[in-house]
2 protein chains.
Amino acid sequence: MRQYLEWLFQEVNFVEVRFSTSTFYLMPRVKSFDEEEVLTKAMNLFWKQGYSATSIQDLVTHLGINRASLYDTYGDKEQLFKKSFELYRRKSIEGISHLLNSHSNVKDGFYELYNKAINEALLDNDRKGCFAVNNTTELVPNDNNCLEILTSNRNAFENLFFEYLKKGQKKGQIKKSKDLKSLASLLFTIYNGMLVVSKINRNKKELNDSVKLALSLIE
Amino acid sequence: MRQYLEWLFQEVNFVEVRFSTSTFYLMPRVKSFDEEEVLTKAMNLFWKQGYSATSIQDLVTHLGINRASLYDTYGDKEQLFKKSFELYRRKSIEGISHLLNSHSNVKDGFYELYNKAINEALLDNDRKGCFAVNNTTELVPNDNNCLEILTSNRNAFENLFFEYLKKGQKKGQIKKSKDLKSLASLLFTIYNGMLVVSKINRNKKELNDSVKLALSLIE
DNA sequence: CGAATAACAGAACGAACATTCCAAATAAAA
DNA sequence: TTTTATTTGGAATGTTCGTTCTGTTATTCG
C-alpha cells in the first residue's frame, strides 16, 4: 500500500487521495525557491563565464541553493547549462519577435533591434555579450547537441527576419528586386558581428554610425 | 670567471670566446624541437578548444614535447596561450594586409577577404572559427590583458580597412561623400559576424550571397 | 503529535587539474 | 672521455573538479 502510494504520487503528482473509508493526505514540504528564478541566476553565470570556466562551486555560491538541491532540481552541470540556454533562447526570440512586430516600418524595426543590442551591451558592466554567440564560439563543434540547438536558433532568427522583410516589401518599403533571403542572412550576420564587437568597442556613437550605415542595405 | 662567462653567454648567446692566451668553447646541446613549430601546434589546440577547455595534458599530448620542456620553454599555461595568440595575430594581420594590398580595386579586395574567410571556415573540419573572435567571447572581460590585446587588434584592423578604403576613394572607386570611418567599422563588424555564422551555416552559396550583398555598401 | 519530504550543511569520493621535481638519456665540443 | 646543458619519462604535490552521500533541519497536514 505504502509503495503503491509512493508510485502513484510520482506518477500523478497528487496532493490528496480519498478512499471510501478514509482520506490520506501526502503533503510534502513545498519548494522554498523559485525554479525559474534560480535558473535565471545560473543562466547569467554561464553567460558571463562560459560553460568550461563555470564550476559547480561557482554555481552553488551564486545560486544561493544547496549543492544537493542543485543536482536534485536540475540534474548535472550539462543539463543545468542546457536548461539555462533554453531559457535564454525562449526569452530572446520572444523579445525580438515582439520588438520587430511593434514597428510597421522595416527600417525602424531593425534600427530598434540593433540599437537595443548596443544599449544593452554598453549598459552591462559584466560585458557578457550574447549567450548564443558565446556558446557558438565556445562549444561548436565540440558539443554536437549544442550545434543542433544553435542551428535551429539561426533558422529561427533568419526566418523571423525574412518574414518581417517580406511584410515590408509587400507594403512597398523595400524594392521588389531585393533578394530577401540574402538580406535576412546578412542582417543576422551583422547582428552577430555587433554582439562580438560591442564587447571591445564601447563607443556608442561609433557603433551607432555603423548601424545607420548597415540600414542603408534595406531600401 | 666562470660566472662571468655564463652571464656573457646568456647575454650575447655566443658560441666561441677567444682570449689572448686560450680559447673557451661553451656549446650546449642544441634545441631539438622548433619553438615556433611547437607554438603553432599549441595555437591550433587553444584555437580549437578554447583556453579553459584545454588542459596541460592535452598540450603535452599534442605538442609532442615533454611537460618539463613546455614549462621551461614557454612558461605556464597563460604565457603559452598569450604567445600562441600573438603568433596568430601576427600571421593574421600580415596575411590580410598582403591580401588587400594585392588588389587595386577596393571591392575586389574585400570580396577576396570575405571569400578567403568563408573558404577557410568551410574547409576546416575542426570548425575552429576565428581565434580572435573566440577569445573575445571567451575571455572578455574576465581577462583584462586579453581585452587590451583585442582592443589593439580591432584598431589595427579598422585602421587597415580605413587606409585601404581611403586609397580607393582617391582613385575614384568610392563616392567622396562616404564616411569611411563608419564603413571600415561596419566592414569589420561584418567580418566578425561572418566568422561566427560560418561555424553554424556551412552553405557556401548562402554565405557568398551575403558577402555580395555586403559589398554593395562599397561604392 | 507523527509521517513525509524538501532543503540544508558539509563530508567524502575519485578523477583531473596546473605545476614542480628528479633521475636518466642525449647531444655537442674540448 | 669529460663537461655542460637540453630533453626526456614519469613520479609527486597540492588544488580543484563534478558528483554522491549522510545526517539534520524545516515545513506541511492529518
Side-chain angles (χ1 to χ4, degrees), chain A residues 1-10 13-19 21-35 37-38 42 45-46 49-82, chain B residues 1-3 5-10 13-19 21-35 37-38 42 45-46 49-61 63-82:
Chain A
M1 178 60 185
R2 166 73 190 289
Q3 281 193 342
Y4 174 72
L5 282 180
E6 280 183 351
W7 167 83
L8 193 57
F9 184 75
Q10 284 188 346
N13 199 29
F14 75 102
V15 166
E16 185 183 325
V17 186
R18 294 176 198 283
F19 289 87
T21 52
S22 56
T23 305
F24 295 84
Y25 289 91
L26 296 173
M27 180 57 91
R29 178 179 178 181
V30 294
K31 255 197 163 34
S32 71
F33 62 87
D34 186 294
E35 269 199 49
E37 197 178 301
V38 172
L45 201 62
F46 277 129
Q49 305 185 340
Y51 178 76
S52 292
T54 303
S55 68
I56 296 287
Q57 187 52 54
D58 285 340
L59 290 161
V60 169
T61 304
H62 282 83
L63 303 198
I65 64 167
N66 186 264
R67 189 181 298 267
S69 305
L70 189 158
Y71 277 91
D72 286 347
T73 311
Y74 305 101
D76 63 14
K77 186 185 174 185
E78 195 175 330
Q79 289 175 62
L80 175 56
F81 176 78
K82 295 261 151 83
Chain B
M1 178 62 186
R2 168 68 191 291
Q3 280 192 342
L5 282 179
E6 280 181 351
W7 168 83
L8 193 57
F9 184 74
Q10 283 187 348
N13 199 29
F14 75 98
V15 166
E16 186 182 324
V17 185
R18 292 175 200 282
F19 290 86
T21 51
S22 56
T23 303
F24 296 84
Y25 288 91
L26 296 173
M27 179 55 92
R29 178 182 177 180
V30 295
K31 258 198 158 37
S32 71
F33 62 86
D34 186 295
E35 273 197 43
E37 196 178 302
V38 172
L45 200 63
F46 277 128
Q49 304 186 342
Y51 179 76
S52 292
T54 303
S55 68
I56 296 287
Q57 187 53 54
D58 284 340
L59 290 160
V60 169
T61 305
L63 304 198
I65 63 167
N66 186 264
R67 187 179 299 266
S69 304
L70 189 158
Y71 278 91
D72 287 346
T73 311
Y74 305 100
D76 63 13
K77 186 184 173 186
E78 195 175 329
Q79 289 175 58
L80 174 56
F81 176 77
K82 296 261 149 84

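Chain identifiers are assigned alphabetically (A, B, ...) following the order of the sequence lines, protein sequences preceding nucleic acid strands; residue numbering begins at 1 within each chain.
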Under the side-chain contact (heavy atoms from CB on, under 4.5 Å) test, residues paired with A:Lys82 that sit two or more places apart
A:Glu78, A:Asp143, A:Asn145, A:Ile149
Round to the nearest Å and state the distance from A:Ile65 atom CD1 to C:dG10 atom P.
16 Å
Nearest 0.5 angstrom please: A:Leu80 CG to A:Leu63 CG, how far?
6.5 Å
I need the minimum non-hydrogen distance between B:Asp76 and B:Tyr71, along with the two atoms involved.
CA-CE2, 3.9 Å
Measure the distance from CG on A:Leu63 to P on C:dC8 and round it to the nearest whole Å.
11 Å
Whole-Å gap separating P (C:dC17) and OH (B:Tyr51):
13 Å
Collect all protein-nucleotide pairs involving nucleotides 19-22 of chain D in which both atoms are nitrogen or oxygen and the distance is under 3.5 Å.
unit_1: D:dT19; atom_1: OP2; unit_2: A:Tyr71; atom_2: OH; d: 3.0
unit_1: D:dT19; atom_1: OP2; unit_2: A:Lys77; atom_2: N; d: 3.0
unit_1: D:dT19; atom_1: O5'; unit_2: A:Tyr71; atom_2: OH; d: 3.4
unit_1: D:dT19; atom_1: O4; unit_2: A:Arg67; atom_2: NH1; d: 3.2

Might you list the N or O atoms of the protein lying below 3.5 Å from N or O atoms in nucleotides 14-16 of chain C, with each pair's distance?
none

Applying a 4.0 Å non-hydrogen cut-off, can you work out what A:Ser52 is touching in the nucleic acid: base, sugar-phosphate, or nothing?
nothing
Do B:Tyr74 side-chain atoms and B:Phe81 backbone N/O form a donor-acceptor pair below 3.5 Å?
no
In Å and rounded to the nearest 0.5 Å, what is the CZ to OG1 distance from A:Phe46 to A:Thr54?
5.5 Å
Output every pair passing salt bridge (charged side-chain N to carboxylate O under 4.0 Å, His left out) with a member in residues 54-73 of chain A, not counting sequence neighbours, ordered by first then second residue.
none
Stacked cation flag A:Lys77 on A:Tyr51, 6.0 angstrom / 45 deg:
yes
Please name all residues satisfying side-chain hydrogen bond (donor to acceptor under 3.5 Å, both in side chains) with A:Ser69, sequence neighbours left out, ordered by chain then number.
none
B:Phe33 atom CZ is separated from C:dA27 atom P, nearest whole Å, by 15 Å
Can you tell me the distance, in whole Å, between the CG atom of A:Leu70 and the P atom of C:dA9?
13 Å
